[in-house]
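Below, chains carry the letters A, B, ... as their sequence lines are ordered, and counting in each starts from 1. Keep in mind the model is a prediction, meaning the values are calculated, not measured.
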Number of protein chains: 2
Amino acid sequence: MTRLTADNINQHVVAAKYAVRGELAVKSEEYRAKIAAGTADDLPFKQVISANIGNPQQLDQKPITFFRQVASLLENPQLLEKEDALINALGYKTDVIERAKFLLSKVGSVGAYSASTGVPAIRDSVAEFLERRDGFPADPSKIYLSAGASSGVNTLLHVICAAPNTGILIPIPQYPLYTATLALLNATCVPYLLDEAKNWGTDLKTIRSSYEKAKADGIDVRCIVIINPGNPTGASLPEEDIRAVLDFAAQENLVVMADEVYQTNVFVGKFHSFKAVLRRMQQDSPGKYDAVELASLHSISKGMSGECGHRGGYFELCGFDPEVEANIYKFVSIMLCAPVIGQCLVELMVNPPKEGSPSYELYQKEYNGIFEGLRERANALHKAFDQMEGVECGAPQGSMYLFPTINLPAKAFEAAVAEGRTADEFYCMRLLEATGICVVPGSGFGQKEGTLHFRTTFLAPGTEWVGNIIKFHQEFLAKYQ
Amino acid sequence: MTRLTADNINQHVVAAKYAVRGELAVKSEEYRAKIAAGTADDLPFKQVISANIGNPQQLDQKPITFFRQVASLLENPQLLEKEDALINALGYKTDVIERAKFLLSKVGSVGAYSASTGVPAIRDSVAEFLERRDGFPADPSKIYLSAGASSGVNTLLHVICAAPNTGILIPIPQYPLYTATLALLNATCVPYLLDEAKNWGTDLKTIRSSYEKAKADGIDVRCIVIINPGNPTGASLPEEDIRAVLDFAAQENLVVMADEVYQTNVFVGKFHSFKAVLRRMQQDSPGKYDAVELASLHSISKGMSGECGHRGGYFELCGFDPEVEANIYKFVSIMLCAPVIGQCLVELMVNPPKEGSPSYELYQKEYNGIFEGLRERANALHKAFDQMEGVECGAPQGSMYLFPTINLPAKAFEAAVAEGRTADEFYCMRLLEATGICVVPGSGFGQKEGTLHFRTTFLAPGTEWVGNIIKFHQEFLAKYQ
């Protein structure tokens, strides 16, 4: 018998759940390997579509040329000794070369550790971006570069959660990083339901009642998480919802954690950052909101950047106690620093080519092309869901996902129970087996009792896979009706 | 008052210590910023030397050309459409282009998430490297790519530590990642002293007595960590020490965690991997060592690669229970994947240009140049320590560090106490203030009671800084004698 067994290792790891890369994802990778090895003749499909994870460049999204040209020079600065060839033979623009020189002058080598919270000049650049975006000052010393937003969330929850009765308000449905991390930390998830009937918006009554109930149960609720635009819901919150949340946080003395990684993936309405709204409220009602502690997160993984594999991101703190900040610093320093090339991509994302600069036109064309492509795919997929019996899905609002409700026949529930699965898992497993399309059951994100959903990205190109979902769904219903 | 204060946040974060990036490092960065801003006229030095952290490319170590040429193509695959220009105008060799094409065919885009445990083809390549290195088979499915070895250690300790009385045997002195992570996890560090008199080797009697004492205290000791070659000591363990540790682990049913990130930084003797030694013991004594659970870690950050900023590494598991492996998989999947360009650099490190290939000669020249340069610097620094009154330091053996003993006068102890510091901290702080040289006090790694040390890298070029240490030391002694 091994020294370590599932029974004696950290039971919080055992308890954690992360469906986005769970059983379905593992199975889909096995299918992919089988297809690659040419031993997939028994499979009823020729291609695996990973619609389970927001991974744009795995599917069709091309990287932004300016970003990658600069990155190539950061990786091999020797190329800068051959500027003529870069420009004439390889078509690099002068602003690409200038940016690479600037970053190298600040970073040194991308192979060296940076300061724990990130390269100072890149933090400056993020602060300037936030000032332009929000119209309010941003302090570079409150900006922490991270290995994607996930690592930022991990840091913040590690510092905030002090005991099993520490409660964090988490939207349901949510991106399961939150519940998984709370499980690892043995802290308490205080779920609050988003309102599907109102485009998955926040409902303050619901939040308050979850909060009061948790408090009555002895939970020390100290933070509320908002994912805006929503994951998995795509919802883009109107300013009044954000104001209501901030007002509630001020009343109840809650830290606000705003996950804003989809801030440029907005099709309907406009993105409002928590920081800007907070600053406006502070201006409008002097004194009333000064004490609010806000952490907002962003990432290079989503949006038109889509650079997931580079693991870059940042979070900004407002109103935190300096001693708490010192502990956040210490926590991140133990892991040394975020990947430096990822930090550089953060700089490129927040400071893209400006109008009039040589790379501007191509950048703008690529950016708009990606944006429109995502919108078109979202709409096409939504149209397909509209045709499917028992499937209900609001119009696409943003992020990279649709999260339709599925109404399944009673026989499907029975078959799922017989297999030891929830009905949505059962449905998603059959979908994968029949079509090679991997989506994530709603239970992986949390859903209102008695409802079933799945989350799918709308990143995959083409319409064939959408047709395959429709066909599968018809056959599934026919079988279990 | 803020909601979060140092008193109510996670007290395990508050308790954790990580001196490598602590007060001294922060102060040195402030000096660096002052010098960069041109406002450092009041400082008695013109340059900060960060000898506190093994960060080769921050100092003088140039990246390996082959690695970075391939990386530049991975970042900008459009360059591959211009092979002629790459070869003729930029001097890229054909094997650079081939490797980039190979990796891109396996990775897709370096901007896409990979599988949670890493790109399958890169895990294959690591397995082949391990087979060549050790002469025993390696299973790619037991290899986990990580964001540097630090992230691997973090993963393994998270899974292994189940309760406050979980004990992990940690060498003292140690790299403080271990004690910091155990503090975060609220598990127990069971320290065992390395033997300074025997080149900082492991002494089984000492290990056993630490183990027995902890067991008697009710600690559930389940793992022993070995850092080989040593950090901060540089010690390179002889095979018989490794055999003794593995034999002890087998007897007491302990998991072995072998931190082997300095495996190519060996000046004296030869590196013996725990995996190879274990496999030989298993061959020699059938059945006796079959149950040993071994995790060995490696990294691109050290050695002749020195790619710290890219955050790449891996760990290999031997003998682990499949259910435990499944939990390790789940844990790493929550953070999605290691940086993909870092994964590619792992592939390049373990599979460098072969003899006869176009890039081989330059690679070999660069590799040997870095190795010899490190050895020369280590010896020069050691010679300086030899001249310093009250400083004792064994001959450099490996890694990137020297860890001299310093004997300080009684008055220095008094002055340190008056400042609320340990004497070694006091010494290192004065050194920084006088010379701009940042080293880490021995207390940051742990040291035998009644002894004082500091750790310095020998990465910085030139001899001026070494002269400055000698001068400072003389003045310090003169002041406090």
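Neither the backbone nor the side chain of B:N88 comes within less than 4.5 Å of any heavy atom of chain A. B:S50 does not touch chain A: none of its heavy atoms, backbone or side chain, sits under 4.5 Å away. Proximity to chain A (any heavy atom under 4.5 Å) is shown, for B:A291, by neither the backbone nor the side chain. Neither the backbone nor the side chain of B:Y178 comes within contact range of chain A; no heavy atom of the residue lies under 4.5 Å from a heavy atom of that chain. Only the backbone of B:L74 has a heavy atom closer than 4.5 Å to any heavy atom of chain A. If you measure heavy-atom distances from B:R311 to chain A, the contacts under 4.5 Å come from the side chain alone. Of the atoms belonging to B:F67, not a single heavy atom falls under 4.5 Å from chain A. Looking at B:E293, the atoms closer than 4.5 Å to chain A (heavy atoms on both sides) all sit in the side chain, from C-beta outward. In this structure, the portion of B:S114 lying under 4.5 Å from any heavy atom of chain A is its backbone and not its side chain. Interface remark: B:Q78 contributes side-chain atoms only to the contact with chain A (heavy atom separation under 4.5 Å). Proximity to chain B involves both the backbone and the side chain of A:N8, based on heavy atoms less than 4.5 angstrom apart.
Looking only at distances, a side-chain donor or acceptor of B:R3 sits under 3.5 Å from a matching main-chain atom of A:N253. In this structure, A:K330 contributes its side chain and B:Y18 its backbone to no donor-acceptor pair below 3.5 Å.
A:S109 pairs with exactly one of B:Q58, B:R68, B:Q61, B:H310 by the side-chain contact (heavy atoms from CB on, under 4.5 Å) rule, that one being B:R68. When each of A:I328, A:D321, A:I160 is tested with B:L4 by the rule side-chain contact (heavy atoms from CB on, under 4.5 Å), just one qualifies, namely A:I160.
Note on A:P56, A:P63, A:C161: by heavy-atom pairs under 4.5 Å with chain B, the leading option is A:C161.
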Side chain to side chain contact (heavy atoms under 4.5 Å, CB included) evaluation trace for A:L184 with B:I334: CA-CA 10 Å; A:L184 291 175; B:I334 296 171; 4.1 Å; yes
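Distance CG/A:L79 to CG/B:L79: 7.5 Å, rounded to 0.5 Å.
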